[in-house]
There are 2 protein chains.
Amino acid sequence: MAADTAAATALESEEEPVSKRDAIIAGATEIFLGAGYGAASMDAIAQAAGVSKQTVYAHFGAKDTLFEAIIRQKCDDLLAPAVTVGTEDGDVGQVLHDIAERFVNAILSPENMKLFRAIVGESSRFPELADAFYRAGPRLAADVLADYLFDVDAKGELAVPNPKSSAELFFAMLRNDLYMRRVLGIERVPCPNEADTLVGVAVSAFIAAHRKT
Amino acid sequence: MAADTAAATALESEEEPVSKRDAIIAGATEIFLGAGYGAASMDAIAQAAGVSKQTVYAHFGAKDTLFEAIIRQKCDDLLAPAVTVGTEDGDVGQVLHDIAERFVNAILSPENMKLFRAIVGESSRFPELADAFYRAGPRLAADVLADYLFDVDAKGELAVPNPKSSAELFFAMLRNDLYMRRVLGIERVPCPNEADTLVGVAVSAFIAAHRKT
DNA sequence: GTCTATAAAAGGATAGAC
DNA sequence: GTCTATCCTTTTATAGAC
């Protein structure tokens with residue numbers, strides 16, 4: 001299978017998916033994230049992939065298996081860039097601002113919105129997926145930031161007696177009203193100005209709340 | 001119909017729903033909020049209501065109509081207590097603490113969790129419901145708090161140059177990691193200790209960020 | 001591995017009697 | 001208004017040929 005994929009990669013044009021399997025993944029991702037698990041039909045997925053339905057079943061066995069594969073991959077792909085701290089040296093305010101900007105951009109992206117809605121909507125049927133999302137996203141982000149805040153406290157730049165709690169508070173501040181509107185699908189158009197303002201407000205408030213006495 | 005309901009109320013025991021219509025509403029609420037729109041079948045709803053399927057259709061016409069009726073009612077019922085300011089006199093810290101406690105209790109309640117998941121999962125199919133939820137919940141709460149914060153600023157108790165922005169930040173702080181875990185269905189057991197801690201952290205940080213210079 | 005064709009079941013909605 | 005019985009579309013999944 002690996003050899004097949006490699007050969008196809010070399011021969012096919014870049015527009016077309018390299019293999020049937022990749023085509024299925026692409027099609028299933030589009031349909032599942034666009035419509036949700038319940039409203040997505042295997043026919044629609046096969047058609048979006050340009051493949052017969054039986055081919056889909058040959059590769060993934062069943063609908064729920066396919067859904068799990070798609071969602072798990074998306075969790076890893078999408079949330080990874082949001083949780084890196086980047087350059088930890090420099091002014092604390094600047095570092096926090098950078099982290100906040102990347103986090104907000106990541107969680108507000110249309111792809112992440114669709115992923116989150118799909119997971120939340122099926123959290124009772126696929127609890128493991130909800131857990132995977134939480135660990136790859138919010139939990140990891142908070143853990144990474146908590147490590148950084150621990151150092152910040154040690155250096156005496158800010159007073160952070162409880163890094164874990166403060167890290168969670170920081171990201172909560174970033175999941176603001178704009179995030180809520182986007183989760184609910186109310187705000188369609190990307191609004192960079194509001195996102196920038198939001199980041200500034202959150203970072204300022206966070207620093208003010210953790211200033212050394 | 002009203003007379004029928006009144007008569008039934010007087011005669012029936014308190015355990016049983018007063019009318020067929022109320023029984024349908026109760027059953028549909030249970031099924032829709034428990035399983036989501038897609039996974040809920042009209043058969044299951046009829047069975048949960050103790051009524052034939054045709055009776056359900058006679059009252060509500062179609063599945064989507066029934067869903068809308070259920071969700072809209074739940075939005076009004078559930079979110080109303082969360083958005084009252086209550087006694088606006090007294091220490092600012094105490095008032096904010098009260099508001100925060102009520103808000104957290106409301107949004108973390110199992111009923112609200114189920115409602116939110118159902119709406120988010122079907123936000124593309126029922127955008128009006130997502131909008132109704134937003135206006136009855138997050139938007140209304142922020143508006144009410146913004147009014148209070150405007151007065152607080154005028155009295156000079158805190159520095160709140162932008163009440164709307166600050167109100168949104170306040171509630172964002174309350175939708176913390178615990179809220180995220182509950183939305184994703186990870187945290188099953190109610191954890192009052194963590195909720196109390198969370199409220200304290202948020203209120204302290206908010207006041208510190210808005211202290212007069 | 002991939003396709004066409006088909007089975008088998010579930011679910012939304014309706015007909016007609018009472 | 002309410003029930004039983006039924007229709008018909010959609011959808012998951014499989015059989016069998018190439």
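Just so it is clear, the structure is predicted and the values come from calculations on it, not from any experiment. Scope of the values below: all heavy atoms of this structure, side chains included, with no hydrogens, waters or symmetry mates. Just so we're on the same page: letters track the sequence lines, and every chain starts at 1.
For B:Phe206 against B:Ser166, the heavy-atom pair with the smallest separation is CE1-O, 3.2 Å. Heavy atoms only, all atoms of each residue included: B:Leu108 and B:Leu178 are closest at CD1-CD2, 3.6 Å.
Taking the six-membered ring for Trp and the full ring otherwise, the centers of A:Tyr37 and A:Phe126 sit less than 6.0 Å from each other.
Each of A:Ala39 and A:Gly61 lies near DNA chain D, and the nucleotide nearest A:Ala39 is the one positioned closer to the 5' end.
Following rounding to the nearest Å, A:Ile31 (CD1) and D:dT11 (P) show an atom-to-atom distance of 12 Å. We find that CG of A:Asp43 is positioned 13 Å from C1' of D:dT9, with the value rounded to whole Å. As a whole-Å value, the separation of A:Asp22 CG from C:dT2 C1' is 16 Å. One can place NZ of A:Lys63 at 12 Å from C1' of D:dA13, the figure rounded to the nearest angstrom. Per the geometry, CG belonging to B:Asp64 stands 14 Å off C1' belonging to C:dG11, to the nearest Å. Between A:Phe67 atom CZ and D:dT12 atom C1' the separation is 16 Å, expressed in whole Å. For the pair B:Phe60 CZ and C:dA13 C1', the computed distance is 16 Å after rounding to whole Å. Nucleotide D:dA13 holds its C1' atom 14 Å from the CG atom of A:Leu66, rounded to whole Å.
Contact annotation for A:Ser41: backbone-only contact, meaning every heavy-atom pair under 4.0 Å involves sugar-phosphate atoms and none involves a base. B:Ala44 comes within contact range of no nucleotide atom at all, as no heavy-atom separation falls under 4.0 Å.
Nearest nucleotide to the B:Tyr57 side chain, out of D:dG1, C:dG12, C:dT2: C:dG12. For B:Ala58, whose side chain is taken as the heavy atoms from C-beta onward, the closest listed nucleotide among C:dA13, D:dA13, D:dT2 is D:dT2. Of the candidate nucleotides D:dT2, C:dT2, C:dA13, C:dA13 has the atom lying nearest to any side-chain atom of B:Lys53. In this structure, the nucleotide among D:dT12, C:dT2, C:dG12 sitting nearest to the side chain of B:Met42 is C:dG12. Comparing D:dT11, C:dA15, C:dT4 by their closest approach to the side chain of B:Gln54 singles out C:dA15. Candidate nucleotides C:dA13, C:dT4, D:dC3 were compared by shortest atom distance to the side chain of B:Ala62, and C:dA13 ranks first. Each of D:dT2, D:dC3, C:dC3 was ranked by its minimum atom distance to the side chain of B:Val51; first place goes to D:dC3. Closest to the B:Thr55 side chain, of the nucleotides C:dC3, D:dA13, D:dC3, is D:dC3.
A cation-pi geometry, defined here as NZ or CZ lying under 6.0 Å from the six-membered ring centre and within 45° of its normal, does not hold between A:Arg175 and A:Phe103.
Residues B:Val92 and B:Ile207 have side chains not in contact (no heavy-atom distance under 4.5 Å, counting atoms from C-beta outward).
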